[in-house]
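The structure under discussion appears below in the form of structure tokens.
The sequence lines fix the lettering, A, B, ..., with proteins before strands; numbering per chain opens at 1. In what follows, every heavy atom counts, from backbone to side chain, and hydrogens, waters and symmetry copies are set aside.
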Amino acid sequence: MVRLFDTLIGREVELVTREPGKVAMYVCGPTVYDAPHLGHGRMALCWDVIRRYLTWRGYEVTYVSNVTDVEDKIIRRAAETGSTEAEVSQHWESVYFDAMDRLGIARPDQVPHATEYVDRMVRFITDLVRRGRAYVIEGENGGVYFAVDSIPDYGALVHRSVEELLESAGARVEVDERKRSPLDFTLWKAGKPGEPTWPSPWGPGRPGWHIECSVMSLDLLDDGFDLHGGGNDLVFPHHENERAQALGADRRFARHWAHSGMVTVGGEGGGEKMSKSLGNFTTLLDVLDRHDPRALRIAVLQSHYRSAMMLGPSETSAADRTLESMDAHARKARAAGVRPGAGARSPVQAEGSSGDHARADTEQPVIDAFREAMDADFNTPQAFAVIAGAISRANAAIDVGDLVAAAALVAAVEEMTGALGLVLDDGTGATASRGVPIAGRGLSISRSAVEVTEVDPAIEATIDELVADRDAARARRDFEASDAIREQLASLGVRIEDTPTGTIWFR
RNA sequence: GGCGGCGUGGCCGAGUGGUUCAGGCAAGGGUCUGCAAAACCCUCUACAGCGGUUCAAUUCCGCUCGCCGCCUCCA
């Protein structure tokens, strides 16, 4: 039984889906006008992990995540750069997905774009007007507004009453006096010169921000879809308004709401939220150039998805080292001949119980602990601790030669890391940024994610030769020669680990 | 100003009314190794402060202090 913290209810609840065994989820995606930053990366990773875990857990998951490609900032950007809005949004969308691919984020099943849905938004707004849930303001900066008072529980998602919301309304933004309530928000904006517009019953204009998500999520996932997610800075007003619009159309909206925490930056005593407006962001691509993308996934897994997390150089480099030791485990397992899920290729296995038996004894409790942690509101830090413990025990088992126990643990580790979208590199060519198919579904991700490093056979052969030479030198105890070869290898970017079962080299 | 959240050992970060311990990173010691690397073992015994409830609180309640988020576009 999966439990998650439901923002609307305000506590952890059991995930109860519309159809047993299926999860239809919608996660608000980016507005594409600029380079994605670490915050976008963190949120995408959080939701990727949730999606993958639910899939691993046996759910058939439909994952929809939108791209907002009509918006003030895109328009401004286009004007600044002398390009079209479409050019701006297409460019930054491709940058965004490139970064997502490198992070090993599985592509959503559907990526609806606001511009593809304008007709349907117009119809939706027309319907809201007809139902008396929206009204038109004529004149300059006019448009169609949603009447917040027309639905019963506006504010439920932020857990505030309309009265409370009114108290602080206008505290930071000027309120248009023509609105019936200061809380009313735009569904349709009348077009201004030089802006992209679409025809509508209220004249040429463009949709407000919130309406796209209501329309697209209901269109693709239908009434009462299971889970609506996003960053917790979207709770109000964006998600509150999405909900209001759907309820205003007398549609059943999301059954569950969940929100991921922000990335913070800065010094002692807690940082501030990373955001474009504060100018304190680190571009995702910069970080990806400096770190193995898997390290970022590890850093994200080591904090809970709902918590704010600091993600600066010290956090990422700590994650680098964690990753390094996890990869070292994979190399060690390979060198010992332990193959995940295949038992151990060792005489130990022949004399005692079968590999399957060992797995039943050893692996299952680990998997159970992992599932228990993840079922409790996707407690990835705890799940990660289970993985770390299994790795330790597997390494120890290899050290003492208990390859049967090791095999079961190695298999468990692969199972768990796979469920979270993490692939360990055992030095055989799984590359740093290799994409991971979703557990249990074999869903392929975009081609560019599978950056298999091209290997030059000639260089590989040279390295193998050098390693063999070094082993020979060591065998005749000519350590001067062997150390010289090691340095030669180091200059090629190749590192060496001597194990009882032979020398491993890796980059 | 309103609403909400958080404060755990050198750092990051789970968790719990009472027993032995989260975990990661870092540090120190040890084992193994020609060395290196890796690994394993051990050590570093924390829960902001002040009250209260309780046989017992880091865990529940209250207050104080500090930090953060939302109330505007934001992942």
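- The shortest non-hydrogen separation linking A/Ala106 to A/Arg51 is O-NH1, 3.2 Å.
- Counting to the nearest Å, the P atom of B/G24 and the CE atom of A/Met416 are 13 Å from each other.
- Close to B/A75, at under 4.0 Å from its OP1 or OP2, lies no side-chain N or O of A/Ser275.
- Minimum atom distance to the side chain of A/Phe236 is reached by B/C71, of the listed B/A26, B/C71, B/A14.
- A 3.5 Å limit on both hydrogen-bonding distances identifies B/G30 as the Watson-Crick or G-U partner of B/C40.
- To the nearest angstrom, P of B/G4 lies 10 Å from NE2 of A/His159.
- Of the P atoms belonging to B/G52 and B/C71, the separation is 40 Å, rounded to the nearest Å.
- Between A/Arg495 and A/Glu324 there is a salt bridge, since at least one side-chain N of the basic residue sits less than 4.0 Å from a carboxylate O of the acidic one.
- Sequence order on RNA chain B of the closest nucleotides to A/Leu165 and A/His329 puts A/His329 first from the 5' end.
- Here B/C67 presents its C1' atom at 18 Å from CE of A/Met309, a figure rounded to the nearest Å.
- When rounded to the nearest whole Å, the span between CE of A/Met25 and P of B/A75 equals 17 Å.
- For B/G69, the base has no donor-acceptor partner in the side chain of A/Asp233 [N/O atoms by modelled type, under 3.5 angstrom].
- Between A/Asp327 and A/Arg331 there is no salt bridge, since no side-chain nitrogen of the basic residue lies less than 4.0 Å from a carboxylate oxygen of the acidic one.
- Checking B/G69, B/A38, B/G24 against every side-chain atom of A/Thr322, the shortest atom distance belongs to B/G24.
- Computed from coordinates, the A/Arg334 CZ to B/A38 P distance equals 17 Å when rounded to whole Å.
- Nearest to the side-chain atoms of A/Glu164 among the listed nucleotides B/C3, B/A75, B/C71 stands B/C3.
- Picking from B/G15, B/C35, B/A75 the nucleotide with the shortest atom distance to the side chain of A/Gln382 gives B/G15.
- Within the shown strands, nothing qualifies as a pairing partner of B/U16 under the Watson-Crick or G-U definition with both distances less than 3.5 Å.
- Using a 4.0 Å heavy-atom distance criterion, A/Ile496 is classed as a base contact.
- Within 4.0 Å (heavy atoms only), A/Val263 reaches at least one base atom of the nucleic acid.
- In this structure, A/Arg290 does not pair ionically with A/Asp320, as no charged nitrogen and carboxylate oxygen lie closer than 4.0 Å.
- In this entry B/C21 has no Watson-Crick or G-U wobble partner, no candidate having both defining distances under 3.5 Å.
- Side-chain contact annotation: A/Thr503 with A/Asp471, donor-acceptor N/O pair under 3.5 Å present.
- Side-chain nitrogen and oxygen atoms of A/Thr316 include none within less than 4.0 Å of the OP1 or OP2 phosphate oxygen of B/C12.
- Looking at heavy-atom distances under 4.0 Å, A/Ser392 makes contact with sugar-phosphate atoms alone, never a base.
- The distance from atom CD1 of A/Ile391 to atom C1' of B/A39 is 12 Å, rounded to the nearest whole Å.
- Listed nucleotides B/A14, B/G24, B/C25 differ in distance to A/Ala318; the shortest reach to its side chain belongs to B/C25.
- Checking the phosphate oxygens (OP1, OP2) of B/G4, no side-chain nitrogen or oxygen of A/Arg160 falls inside 4.0 Å.
- Between A/Asn379 and A/Ala388, the residue anchored closer to the 5' end of RNA chain B is A/Asn379, taking for each the nucleotide with the nearest heavy atom.
- The separation between A/Met274 atom CE and B/G69 atom P is 13 Å, rounded to whole Å.
- OP1 or OP2 of B/C70 sits under 4.0 Å from a side-chain N or O of A/Lys273.
- Phosphate contact (OP1/OP2 of B/C40, side-chain N/O of A/Asn395, threshold under 4.0 Å): present.
- Between the side chains of A/Tyr305 and A/Asp377, at least one donor N or O lies within less than 3.5 Å of an accepting N or O.
- Atoms CZ (A/Arg486) and P (B/A36) sit 9 Å apart, rounded to a whole Å.
- Between A/Asn232 and B/A75, a side-chain N or O to OP1/OP2 separation shorter than 4.0 Å is absent.
- Here A/Thr503 does not reach the OP1 or OP2 of B/A37: none of its side-chain N or O atoms lies under 4.0 Å away.
- Using cut-offs of 30° and 60° on the angle between ring planes, the pair A/His210 and A/His238 is tilted.
- A/Gly230 comes within 4.0 angstrom of sugar-phosphate atoms only, judged by non-hydrogen atoms across all strands, and of no base.
- Comparing B/G69, B/A37, B/G2 by their closest approach to the side chain of A/Glu497 singles out B/A37.
- Residue A/Arg476 places its CZ atom among more than 12 non-hydrogen atoms of other residues, nucleotides or ligands, all under 6.0 Å distant.
- When the nucleotides B/A75, B/A39, B/C35 are ranked by their closest atom to the side chain of A/Asp399, B/A39 comes out on top.
- For A/Glu315, the listed nucleotide lying nearest its side chain is B/C12; candidates were B/C12, B/A22, B/C25.
- Among the nucleotides B/G23, B/A75, B/G69, the one closest to any side-chain atom of A/Met43 is B/A75.
- The gap from the C1' atom of B/G62 to that of B/G10 amounts to 33 Å, rounded to the nearest Å.
- Here B/C6 sits opposite B/G66 as a Watson-Crick or G-U wobble pair (both hydrogen-bonding atom distances under 3.5 Å).
- In this entry B/G1 has B/C71 as its Watson-Crick or G-U wobble partner, both defining distances falling under 3.5 Å.
- Comparing B/C68, B/C70, B/C35 by their nearest atom to the side chain of A/Asp498 picks out B/C35.
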